Amino acid sequence: MNNNKPQREVIGESKVLHVSRGFAIPMIVIFMAILVIFTVSWFGVMAADHLFDVAINPIIQRFDPEAEEIDIMSVMNPPTSEHQAAKVYASFPALDTEAIKNVFKNAYDIAPNSPSVIIDEIGGVAEFAYSGISSAWLESPEAAFEWVKAELPTRIFASRSVIVEAAYIGFAWINDDLSGAVDQAFTIISDTIETYPAKVELWYNDHLPFRSLIFNTNEQTDHYIELEYADLQNSWAQKLKNAANAYNVLIGEAVIGSPSISGPGGNLDDDFDDLFGNESEETEETLPPLDGSEEETVPEYVETGDETGDGEKCEHVLSSESEMLQAGTCTEWGIAGYRCQTCGEIAKREYTAKVHNKDAGTVEKEPTCTEEGIMTYHCTDCGALISREYISKLDHNYEMTSNNFDAVLCGASYTTVEKCSLCNHEKTKTQYKAHTKGSVVKTVQSSYTTYGYTLVECTECECQYHTSITNKKRSGDFQLPINRSKEVMEGRYKWLFYRLDNSQAYFEGTNLMSDAELLEYVTVMTTLNELCKEKGITLQICIWPNKDQVYSEYVTWEPVTSEKRVDRLVKHVQENSDVKIIYPIKKLRAAKPYFETYLKYDTHWNSAGGFVGYQAMLESLGLETMDAKNVPIYEYKGGAALADDHYYTQIRGDLLGKGGWTATTTDYPNHINYYVKYRPDVVVESRTGGNGASDTRHTIASNATYDCNFVMLADSYRVMQLGYLEKDFSDCFLTHRSRVNEADVKEAIKNSDILVIAAVERYDYDTLNTAKAIIKILQEE
Amino acid sequence: MIFLWIFLPTVLIVNFMFSLLPFKSQRTRVAWKNFFLLCASFIFYAWGGIYYLLIMISSILLNYAGGYIIEKGVKKQWAKKAWLGITIVLNIAILFFFKYFNMLIAIIESIMIPGADFGEIWSAMLNMEGTGALGLAEIALPIGISFFTFQAMSYVIDVYMGKAKLQENIFNFALYVSLFPQLIAGPIVQYADIDLQLRERRETIDLFTSGIKRFSYGLGKKVLVANVMAEVADGVWKMHAESELGAFAAWVGIFAYTLQIYYDFSGYSDMAIGLGRMMGFEFKENFDYPYTSLSVQEFWRRWHISLGSWFREYIYIPLGGNKKGKFRTYLNIFIVFAVTGIWHGANFTFVAWGLFYAILQIIERLFLGKLLKKPALKVFAWIYTMSAVMLGWIYFRSDNIFQANDYVGQLFNFGHFNQEIFGLLSITAIAVFIFGILFSGFVQRTLKGVFEKIYARPGLKYPVLTADYLIQFAILILSIGKLVGGTYNAFIYFQF
């Protein structure tokens, strides 16, 4: 049957040896014993754990409600430093524990007893912290500290979630500059709140064998700040609270005080208080003293000599307590005396205060809710004024006068105005109107390039909103063939960026404008702005951020200076003129958890990014805006032709072509675009011109949101905004700015109500050139 | 964990109890034992989901019915052949649906990409990403489906070819398909080899003690070597996905994976064989120190022997083997290895891996084989074989062809050094590296003769054996301890 199978050598291992019973039976018994012992001990552990739960823990907690629950595993595995670290991972279920473990292990191996690293869950920071430690630490702790200090502020923005690294604090600690480090950390935190107004969590971690301050924008819940450990009186926390208030983020009460563990350097909690103190405890406002309430000063008693007896010399030893010799009255001082302990004589006398009978008091001035009242007290016997005291203010009697809770959409802020019926004082409060969770529309798993989320229907406003945002997957991507090109920079995770047009210098901040250039820009723009005002035109300048600025976490360039050209330019114009100019980088970064804003293999933004930029523009123009999160947005994966309401979505991939890759973007499913169903009720009556980068497009929609002539001179970035613009402005004229001197464009500019000049960051100077051209056009008349 | 602590001791003890109960005859005893082991195996498999158990039961029913019809239902030879064909087609349909459907969808989706030219479609296909255009959900792969489908098919074919008798007792047949030690990761037992054992077998003390030995060493291989290497290999592949790997890290990664896959898979086979022996079964060997091979042909005689012989018995030989001239021989090799590749997974990487071996084997048959046999070229032959094997593992491990190609490029990227590799190379990992290489067959084959002589001398046999068993128990305890504390515990071969 098996005769055609080749005969091979028989391996000793596989042979069944004949053994005697005397040998075999003990071996079998040992083997079974090992298995059974493990079985029994497993059951034993389970039973013991149960015992702890039902019996021991309740007893312990009865005596000490603060006590931590004991669980069996912690009893069996007394905490070692590694184990404690494991606990930290456990408290972040969403973290990529494998990655962290590796990083942690490395950091720990290199510097076992030093303040070390716990790592962020998203890309950039983990690598940064690790490479920071491994390369810099080996040179010197000082170098490491400097490196981290220099790198952290820029890297931290590269990641949505932020951990102010233990490394950072730790290295600072070595350098005796902990408070300095914390201050800097705070700056980062408040900036982060500004950038990511999502849930922010701050806690001081004392589970670790080293210090760390972990600051985390938590993806699980929207719009909620939780301050753990740090109480709200703490000055540092107070700062955070202020920052949060400024951005309409709610603050929860301090909830958890982590159990304090005494570290090698004493109780870490105490250290924390020492360092950050409860300095800003609110002190009561002190009122000026009232006249009439001062006490008469008691005169010095002059000894007459005869009271001390017969002149017998006695070294008087005064008793510590006095006795009343003569009580005071309304008009007379009282007298008190001290006896000598050796001779028993009264050896020293003093006047005591006059004694009045204080009456119940009369109200001199009634209190109101804005001012204190005054109460006066007189003596019932002699009628003299004894004291005048303040009566505390009355409480305001606030009544709600206006509340637009019902009018605003969920996800937006509503304002309540309360008016005091007594003093007419008005109190305005702005609060966040939370969504009411309804049914789940869909759950999207995170991919390598997108965050996962759950889309939930809000039963209140019938919109859909994102919750439970989960991090991008950490590793892996399909492979782009390795290819190098002068035009394309291959970033992390195969993100492609544009190299030309000086993009790198914009990122590094090495091409800042000179003072003369800034002056020219402001002058030209102010001139144009004045000219526009004369003609009744509202002027808006938009500079759209380069892709690398928004997705800096994937960029391998490093910032060289702390400033960037366009950021600086825009701030300068805003400070020195009333020209409306925007550079909405923060908004574009903040939207990243909800959708990609730029195309992975393209220089352009996608229609979601276009939407965010568009909203920023509307805001600047003072028009009604919509929270990007609440807009019905759909992922678009290319393929079949789109229906009419899909709004100019394209899957582009210009960087693939520039980089010399032959494949089209359809091969790359992580390249994501969207379509936004924007104001589907608005019907566009006429469209002329194509929707390409250099086309002039003119649309009429009489039931658009705003009845006005809108003119925009921009570049290819506008293509992703066409669908929004044509539905909001009844007469919408969009063209490439290079066509500024064509007759129809000139005509449109002259007739415009709103005139927008836009350019992507790397063409910022084109806004200036276009402005110059428009000045000429407007002056022609 | 529950498997090792509760399931296994219970099954062993209960199985042993059957030996103590008074039965009418040895055959009834075995029948009861079979029934008990069948229940245990079903519980074991249902652990992963009752849905999977239903798939396995339908496979059992299908093949039992197929065998029955072929043997008893029809008389004419052409009808038997037709029923065999139907059964095989149905088997392959089940396997295809659960294992290859996703791949087919990805391929169709790639072809459907509008406006793409052939090159673009080709690269999209190799990426195995799909576009989601068909909007079909992925089908979960039932554990071990490739193993039990092949086992069940071997029964029908053996019955048809007259190699084995019809198994009338469906419980015995079900036990053959589902026997838990080898259910999910092999070895693939051919029905003819185990037919008799299902009817009559006896646990003996000799079998049991040698079973303990195999099981302990197998667990040790898996837990103490493969898992450690897995951490290194996973780490390197992760690094590769995220950053530039550089030559050193790439080499570390491929060495680690080479060790991981051998110790993982052969450890698992050892455990299956060991458990089988404890219950009275004798399975064939699945590995024979493959990394000591001096040619690719030899490697495939030593690696995953049960799969190789399955393909030889049921594909290569029916196709004509090497009896129909050179060209047909080469074509047959090509077919067998293409199928071997795709058997390992629904991905073009596995196809590439299989075809790579087919080409090497043909080259060896053409001229290289004779050269490799020369004693003077022994070292060269070994280096050639291992290079080929390791290169193959890169394709085996990578997610798609492009990733694998890039990895191969990184092996020669001497200009770059990725410091992250230090994070993976702990002292333990380095020790395991050295130990793993030495004990992948070199030490055993050298010492084989010595041990045979020792065991032949009663005075030396028991002292040495006692020491051997003490080492085994140490390994067993260490492994269980590591399992309790460890995290990494996935058998690579579960996915096939």
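In this text the structure is predicted, and so the values were computed from the model without any measurement. Below, chain A is the first sequence line, B the second, and so on; all start at residue 1.
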So, the part of Leu447(B) with a heavy atom under 4.5 Å from chain A: the answer is neither

Closest heavy-atom pair, Pro187(B) versus Phe283(B), reported as atoms and distance to 0.1 Å, is CG-CB, 4.5 Å

If one checks every heavy atom of Phe451(B) against chain A at 4.5 Å, the contacting part turns out to be neither

From the list Asp399(B), Asp406(B), Ile401(B), side-chain contact (heavy atoms from CB on, under 4.5 Å) with Gln403(B) holds only for Asp399(B)

When the 4.5 angstrom heavy-atom criterion is applied to Gln472(B) and chain A, the contacting part is neither

With a 4.0 Å cut-off on N to O distance, would you call Lys213(B) and Asp468(B) a salt bridge? yes

Max heavy-atom pairs within cutoff under 4.5 Å with chain A, candidates Ile273(B), Leu470(B), Asn405(B), Leu465(B), goes to Leu465(B)

Residue set satisfying ring-ring contact (aromatic ring centres under 6.0 Å, His included) with Tyr191(B), at least two apart, ordered chain then number -> Tyr155(B), Tyr176(B)

When the 4.5 angstrom heavy-atom criterion is applied to Ile34(A) and chain B, the contacting part is side chain

Q.
Classify the ring geometry of Tyr407(B) against Trp237(B): parallel below 30°, tilted from 30° to 60°, perpendicular beyond 60°.
A. parallel

Cut-off 4.5 Å, heavy atoms of chain A, and the answer for Thr204(B) is neither

Bottom line for Leu476(B): the part with an atom under 4.5 Å from chain A's heavy atoms is side chain

If one checks every heavy atom of Met32(A) against chain B at 4.5 Å, the contacting part turns out to be side chain

Across all chains, not counting sequence neighbours, the ring-ring contact (aromatic ring centres under 6.0 Å, His included) partners of Phe473(B) are none

Is it true that Arg302(B) and Glu285(B) have a side-chain N and a carboxylate O under 4.0 angstrom from each other? no

Cut-off 4.5 Å, heavy atoms of chain A, and the answer for Met161(B) is neither

